[in-house]
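One structure is given below, encoded as structure tokens.
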Amino acid sequence: MIENKKTLEKINKICYITNCYTTIMFIGVPSFKSSVEKIAHKGVLTSMNELLEKVKKFNILGEVKSIEPYGSGHINRTYLVTTTEKRYIFQKMNEKVFRDIDGLMKNVVGVTTFLNDKGVESIEVVFTKSGESYLNEDGYYRVYVFVENTVSYQIIKDASVFKNVGKAFGEFQNQLAEFDASKLVETIKQFHDTPKRFNDFKNALKEDKLDRAKTCEKEINFVLSHADTYSLAMDGIKNKTIPLRVTHNDTKLNNILMDATTGEARVVIDLDTIMPGSMLFDFGDSIRFGASTVQEDEKDLDKVHFSLDLFRVYAEGFVTAMKESITEKEAEMLPYGSYLMTVECGMRFLTDYLSGDEYFAIKYPDHNLVRARTQIKLAGEMEQNFDKMKEIVFSILNK
Ligand code: ADP
Ligand code: GN1
Ligand code: MG
């Protein structure tokens, strides 16, 4: 039995070290076993009863059969809740990352309602019994209906899937074109402001609070030596040569659910960072994650490559979907946007590694460094391929 706080902290630590993130507890129906049972998720142990009590405050159907950690997101703590009737996604939102949860949930409800009204399948927010979109009780919690018969991928095995992802994210941007951007709260300020991210990186490097800089000199040098490449997107937005759109801003492959039967894209998820931004961000972030030969945290760098073929298939989906509204300047800058999102993400992982892993969930001590390395390798290869990438984009546009 885990009774005092110290013991719980100790177990949390062991859990983190031994990487036992996915302890699954099944709950007997109708009697929920006992308050002593704990569920480990992202290095944090929470009592099952505590979670169950929170889940029960939402308008869910049926009796809860199980609650288990779910998915591979780096930010929120996600659980799959199975009841006698239905399945749900239950999330503890990350209040360190998102400082205005109320504003964030207004965005989510606003966007999902807007999409539903247009007949577009979207995530369905389950409200609390008192009519709120989230629960504020020792943290911030929300519930979504689990979208059944779908899969989300960590890596592309079949190129046609990636084309469908590109098409879906392109269409998503079209669908949001009429959404009133003034209704959106900026959930993370300067989210894709790469020069600002670079400043954060330099500050973390200066502080080097865990004395880790000596373990990643090569990566640090890459980020420092590319300083003059970081401002083009923000400059374009500021001088209005790049149009501001309503964008998703976190378009990685596991943030879209694909139909398990047809392979078509079904629902764009993770709407926490929908904000005014540039098309370059959404296109670029998908390429960063999806046009890679390996997963984001592959340790063997020899296996890490940027795939021009995957770039082509994604561009075919995305650019074709956006043909009506893409500007010449945007089209020209899509290859740069891919590089920018990749190097930006690399520098964010490296910043977090230097700062003591405060932002992204990690599974082992140098996880963020491993991630930074793959992004830096990919960014370097993209730089070498700008001309070929541009050729691909314009060949699609001129079809
Ligand atoms: P994070 O911000 O931590 O990435 P997400 O909102 O992306 O959190 O959710 C994490 C994972 O949970 C997703 O990658 C997906 O696998 C799964 N997921 C989220 N919402 C749903 C849903 N409504 N239906 C099915 N799976 C979902
Ligand atoms: C985070 O939430 P998730 O895991 O889908 C991060 C993205 C990064 C990504 C790197 C709010 O995405 O910006 O690109 O990790 N989300 C936030 O994998 O910071
Ligand atoms: Mg996610």
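As the structure lists them, so they are numbered: ligands from 1, and atoms in each ligand from 1.
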Exercise. Which atoms of ligand 2 have any heavy atom of Gly73 under 4.0 Å away?
Worked result: 4 (O)

Exercise. At under 4.0 Å between heavy atoms, which part of Phe289 makes contact with ligand 2: side chain, backbone, both or neither?
Worked result: neither

Exercise. If you measure from the Lys or Arg side-chain nitrogens to the Asp or Glu carboxylate oxygens, is any gap between Lys57 and Glu137 under 4.0 Å?
Worked result: yes

Exercise. Is there a donor-acceptor contact under 3.5 Å from the side chain of His192 to the main chain of Gly277?
Worked result: no

Exercise. For Asn254, is at least one N or O under 3.5 Å away from an N or O on ligand 2?
Worked result: no

Problem set entry | Tyr359-ligand 2 polar pair, N/O distance under 3.5 Å | yes

Exercise. Relative to atom 2 (O) of ligand 2, which among Ile75, Val97, Asp272 owns the nearest non-hydrogen atom?
Worked result: Ile75

Problem set entry | Atom NZ of Lys54 with >12 non-hydrogen neighbours under 6.0 angstrom | yes

Exercise. Between the side chain of Lys377 and the main-chain N/O of Leu301, is any donor-acceptor distance below 3.5 Å?
Worked result: yes

For this session: May I ask you to decide whether Lys92 forms a salt bridge with Asp138, counting only side-chain N to carboxylate O separations under 4.0 Å?
Result: no

For this session: Heavy-atom contacts with Lys252 under 4.0 Å: which atoms of ligand 2 show up? List them by number with element.
Result: 3 (P), 4 (O), 5 (O), 9 (C), 10 (C), 12 (O), 15 (O), 18 (O)

Problem set entry | 4.0 Å heavy-atom contact, Arg348 with ligand 2 | yes

Exercise. Is the distance between the ring centroids of Tyr314 and Phe283 under 6.0 Å?
Worked result: yes

Exercise. Which residues pass the side chain to side chain donor-acceptor pair (under 3.5 Å) test with Lys86, sequence neighbours left out?
Worked result: none

Problem set entry | Contact with ligand 2 for Asn255, non-hydrogen, under 4.0 angstrom | yes

Exercise. Should Asp352 and Arg348 count as an ion pair when the cut-off is N to O under 4.0 Å?
Worked result: no

For this session: Say whether Asp250, considering both its backbone and side-chain N or O atoms, lies within less than 3.5 Å of an N or O atom on ligand 2.
Result: yes

For this session: Heavy-atom contacts with Asp270 under 4.0 Å: which atoms of ligand 2 show up? List them by number with element.
Result: 2 (O), 3 (P), 5 (O)

Exercise. Which one holds for Phe349 and ligand 2: side chain close, backbone close, both close, or neither close, with close meaning a heavy atom under 4.0 Å?
Worked result: side chain

Problem set entry | Among the N, O or S atoms of Asp270, the one nearest the Mg ion (ligand 3) | OD2

Problem set entry | Any side-chain donor near an acceptor of the partner, Ser286 and Thr251, under 3.5 Å | yes

Problem set entry | Any N/O pair Asn249/ligand 2 closer than 3.5 Å | no

For this session: Tell me yes or no: between the side chains of Asn49 and Ser47, is some donor less than 3.5 Å from an acceptor?
Result: no

Problem set entry | Pick from His192, His74, Glu296: the one approaching atom 4 (O) of ligand 2 most closely through a non-hydrogen atom | His74

For this session: Determine whether the side chains of Thr84 and Glu63 contain a donor N or O and an acceptor N or O closer than 3.5 Å.
Result: no

Expected rows: ligand 1 N/O, protein N/O, dist below 3.5 Å:
from: ligand 1; atom 1: 2 (O); to: Asn76; atom 2: ND2; distance (Å): 3.0
from: ligand 1; atom 1: 2 (O); to: Asp270; atom 2: OD2; distance (Å): 3.1
from: ligand 1; atom 1: 3 (O); to: Ile75; atom 2: N; distance (Å): 3.2
from: ligand 1; atom 1: 3 (O); to: Asn76; atom 2: N; distance (Å): 2.8
from: ligand 1; atom 1: 4 (O); to: Asp270; atom 2: OD2; distance (Å): 3.1
from: ligand 1; atom 1: 6 (O); to: Gln91; atom 2: NE2; distance (Å): 3.0
from: ligand 1; atom 1: 7 (O); to: Asn255; atom 2: OD1; distance (Å): 3.0
from: ligand 1; atom 1: 7 (O); to: Asp270; atom 2: OD2; distance (Å): 3.0
from: ligand 1; atom 1: 8 (O); to: Gln91; atom 2: NE2; distance (Å): 3.4
from: ligand 1; atom 1: 9 (O); to: Gln91; atom 2: NE2; distance (Å): 3.2
from: ligand 1; atom 1: 14 (O); to: Asn254; atom 2: O; distance (Å): 2.9
from: ligand 1; atom 1: 16 (O); to: Ser152; atom 2: OG; distance (Å): 3.4
from: ligand 1; atom 1: 23 (N); to: Val145; atom 2: O; distance (Å): 3.1
from: ligand 1; atom 1: 24 (N); to: Val147; atom 2: N; distance (Å): 2.9

Exercise. Quick one: do the Glu344 and Thr194 side chains pair a donor with an acceptor below 3.5 Å?
Worked result: yes

For this session: Would you please determine whether Met341 falls within less than 4.0 Å of ligand 2 on a heavy-atom basis?
Result: no

